[in-house]
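First the structure, in the form of structure tokens, and then the observations on it.
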2 protein chains.
Amino acid sequence: MLSTKLSSVTIDGSTGAATGARRRRPRGAVREGLVAAGLELARAGGPDAVVLREAVRMVGVVPNAAYRHFANRDELLAAVCTAAMRELAARMAAGVGRVRGKHGDPAAARRRLQAIGRAYLEFARQEPGLFATAFAVPNQHAYGAPGGGAGPYPLPLDQLRAVLDELADAGVLSRRRRAGIEYPIWSAVHGLAVLTGQGPLRDAPDATRRHIEDVTSSFIEAGLA
Amino acid sequence: MLSTKLSSVTIDGSTGAATGARRRRPRGAVREGLVAAGLELARAGGPDAVVLREAVRMVGVVPNAAYRHFANRDELLAAVCTAAMRELAARMAAGVGRVRGKHGDPAAARRRLQAIGRAYLEFARQEPGLFATAFAVPNQHAYGAPGGGAGPYPLPLDQLRAVLDELADAGVLSRRRRAGIEYPIWSAVHGLAVLTGQGPLRDAPDATRRHIEDVTSSFIEAGLA
DNA sequence: TCCGGTTTGTGGACGATGTCCACTAACAAG
DNA sequence: CTTGTTAGTGGACATCGTCCACAAACCGGA
């Protein structure tokens, strides 16, 4: 098991009385705490590691308390997945934000596309648990709408679209080729992340990994022209 | 729960005595039965549905009997994953085998590449549980070696390589472009399968799905030339 | 033929998990 | 202060993976 003790997500430094300590937390604190705890569990072990009883333990509350905020474990997991997806989106936004260059500059647009892909793959490598969780939304629960009421950051697909639109504006990508090209590009990057992450290529040495990334990058660039 | 009763994987029409029925199965029968049962469970519900106690129930044996053949549940799951991967490989081989045309004919080679991709995506769509299971080999258990002692069919990557080699032989794909191109192509197809299967694109209507597939197909073809 | 060792299945148990029901303390409004 | 709602507690249950001790079936030598 090697259950390393994760950072506690305790809400307040309670008096910790022995029995029936019925201290009540501020509004929404338990729910947020559960999601935060679930996120830590997911970070360490992927979606399957998001176990309700462990999360409530971290928050310092009895198992049933969770059922005041989520209908069942799947609903908690869905909330955690959304949070994980938001973190991925944030990293992508940060990565693309670091690229200098005016909108409309072809070279800058190209670099932004690369930055998006790199951020995606970096997140998948550095946070395999969160990455898997972001895409493990349980059936019967929906992914955020494309417009995105999902959070402060646009979803990955929308960020990719924005950059591709910029490439089209800059003339790097013809209007004809632009149509729908977000899908093969996203697929290629996502597939790469999955195959080298938990998939059959997960044991490939770093050199091979880099080679695969380079080839894929060239392949995508070639697909633009 | 809606636990529909799956087809039983009983081994022999036993006498079914009440207690201590210690009938012993033919060599390896229990192990094979467990894998078959696990495969059914995986087909219906993915890797998480491969629950040891349910598998042994289907085989008609007590839970502990499984531990004579597998060290733990993960090892059983690993065997099931291998079986699922073998089934994917078989479908791919069948798909590519249906394509007529001599080795060396450029048009035939192109069609074979398409057939491989189509078989892959078709399997992912028709057997989502098995597809997910094939790629859900638990950590600490290895995927089959590239050469493939894994089974009667070459692994997906090797089949793809064979077709790409044929494309190179036929002159469709220059030697220079051939190097490593299996990775972006595999990634694109796999990513597509994952994203439209259980991923964020899983609720896309069929028309959109087809459009995405077409665009991806064109993208890959463009990457050859 | 008997006999001792190895396989393989059984019985019973344990801890952990998700979930349900009834109860009650804390809070908000009148 | 009363009253109704909300949010956390306590206890229980079925199910799951796994461990230990035991015994029946099988096998190869004497």
Side-chain angles (χ1 to χ4, degrees), chain A residues 1-3 10-12 14-35 37-38 41-42 45 47-80 138 140-141, chain B residues 1-3 10-12 14-34 37-38 41-42 45-80 138 140-141:
Chain A
M1 275 287 292
L2 45 119
S3 84
T10 307
I11 286 174
D12 64 17
S14 70
T15 57
T19 70
R22 205 167 292 253
R23 69 230 159 91
R24 188 178 253 202
R25 281 74 162 184
R27 254 191 149 301
V30 169
R31 186 190 161 100
E32 283 175 31
L34 286 174
V35 174
L41 293 170
D48 288 351
V50 179
V51 25
L52 189 143
R53 284 180 105 109
E54 181 65 27
V56 301
R57 229 172 276 138
M58 291 164 78
V59 175
V61 119
V62 103
N64 287 334
Y67 288 84
R68 295 292 161 188
H69 305 278
F70 303 96
N72 50 39
R73 185 242 174 195
D74 264 16
E75 215 172 78
L76 165 60
L77 178 57
V80 173
Q140 207 163 18
H141 294 263
Chain B
M1 276 287 292
L2 44 118
S3 86
T10 307
I11 286 174
D12 65 16
S14 70
T15 56
T19 69
R22 206 165 292 253
R23 69 231 161 88
R24 188 179 253 200
R25 283 74 162 183
R27 254 195 153 300
V30 169
R31 185 188 162 101
E32 283 174 31
L34 286 174
L41 293 170
D48 288 353
V50 179
V51 27
L52 188 144
R53 284 181 106 109
E54 181 66 27
V56 300
R57 229 172 275 138
M58 290 163 79
V59 175
V61 118
V62 104
N64 289 332
Y67 289 84
R68 296 293 162 190
H69 306 277
F70 303 96
N72 49 40
R73 184 242 177 196
D74 264 16
E75 214 171 80
L76 166 60
L77 177 56
V80 173
Q140 210 165 14
H141 294 264

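In what follows, chains are A, B, ... by sequence order, proteins preceding strands, each numbered from 1. Remember, predicted model here, so these are calculated numbers, not experimental data.
The distance from atom CD of B/Glu32 to atom P of C/dT8 is 13 Å, rounded to the nearest whole Å. Atom CG of B/Asp48 is separated from atom C1' of D/dT15 by 15 Å (rounded to the nearest Å). With rounding to whole Å, A/Arg68 atom CZ is found 16 Å from C/dC27 atom P. Computed from coordinates, the B/Leu41 CG to D/dC16 P distance equals 11 Å when rounded to whole Å. Going from atom CG of B/Leu76 over to atom C1' of D/dT18 covers 14 Å, rounded to whole Å. D/dT18 atom P lies 11 Å from atom CD of B/Glu75, rounded to whole Å. For B/Arg31 and C/dG9, the CZ to C1' distance is 17 Å, given to the nearest whole Å. Residue B/Arg27 contributes atom CZ, which lies 15 Å from atom P of C/dT6 at whole-angstrom precision.
No N or O donor and acceptor, one from the side chain of B/Asp74 and one from the base of D/dG17, sit under 3.5 Å apart.
Between B/Val51 and B/Arg73, the closest side-chain pair of non-hydrogen atoms is not below 4.5 Å.
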I'd like a table of donor-acceptor pairs (distance under 3.5 Å, sequence neighbours excluded) in which one partner is a side-chain atom from residues 60-70 of chain B, with atom names and distances.
none

Listing time: all N or O pairs from protein to nucleotides 16-18 of chain C that are below 3.5 Å?
unit_1 : atom_1 : unit_2  : atom_2 : d
C/dT17 : OP2    : A/Arg57 : NH2    : 2.6
C/dG18 : OP1    : A/Leu52 : N      : 3.0
C/dG18 : OP2    : A/Leu52 : N      : 3.3
C/dG18 : OP2    : A/Arg53 : N      : 3.0
C/dG18 : N7     : A/Arg53 : NH1    : 2.5
C/dG18 : O6     : A/Arg53 : NH1    : 3.0

What N/O pairs connect the protein and nucleotides 26-28 of chain D at under 3.5 Å? Give each pair on its own line.
unit_1 : atom_1 : unit_2  : atom_2 : d
D/dC26 : O4'    : B/Arg24 : NH1    : 3.4

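Across every non-hydrogen atom of B/Ala42 and B/Val80, the tightest pair is CB-CG1, 4.1 Å. When every heavy atom of A/Leu41 is checked against every heavy atom of A/Ala55, the shortest pair comes out as CD1-N, 4.0 Å. Between A/Val50 and A/Gly38 the shortest heavy-atom distance is CG2-O, 3.7 Å.
With rounding to the nearest 0.5 angstrom, the CG atom of B/Leu52 is 10.5 Å from the CG atom of B/Leu77. Rounded to the nearest 0.5 angstrom, A/Asp48 CG and B/Asp48 CG are separated by 4.5 Å. Taken from CZ in B/Arg27 to CD in B/Glu32, the straight-line distance is 11.5 Å, to the nearest 0.5 Å.
Taking only side-chain nitrogens and oxygens, A/His69 never comes nearer than 4.0 Å to OP1 or OP2 of D/dT6.
In this structure, the side-chain contact (heavy atoms from CB on, under 4.5 Å) partners of A/Asp74, at least two apart in sequence or on a different chain, are A/Asn72, A/Pro138, A/His141.
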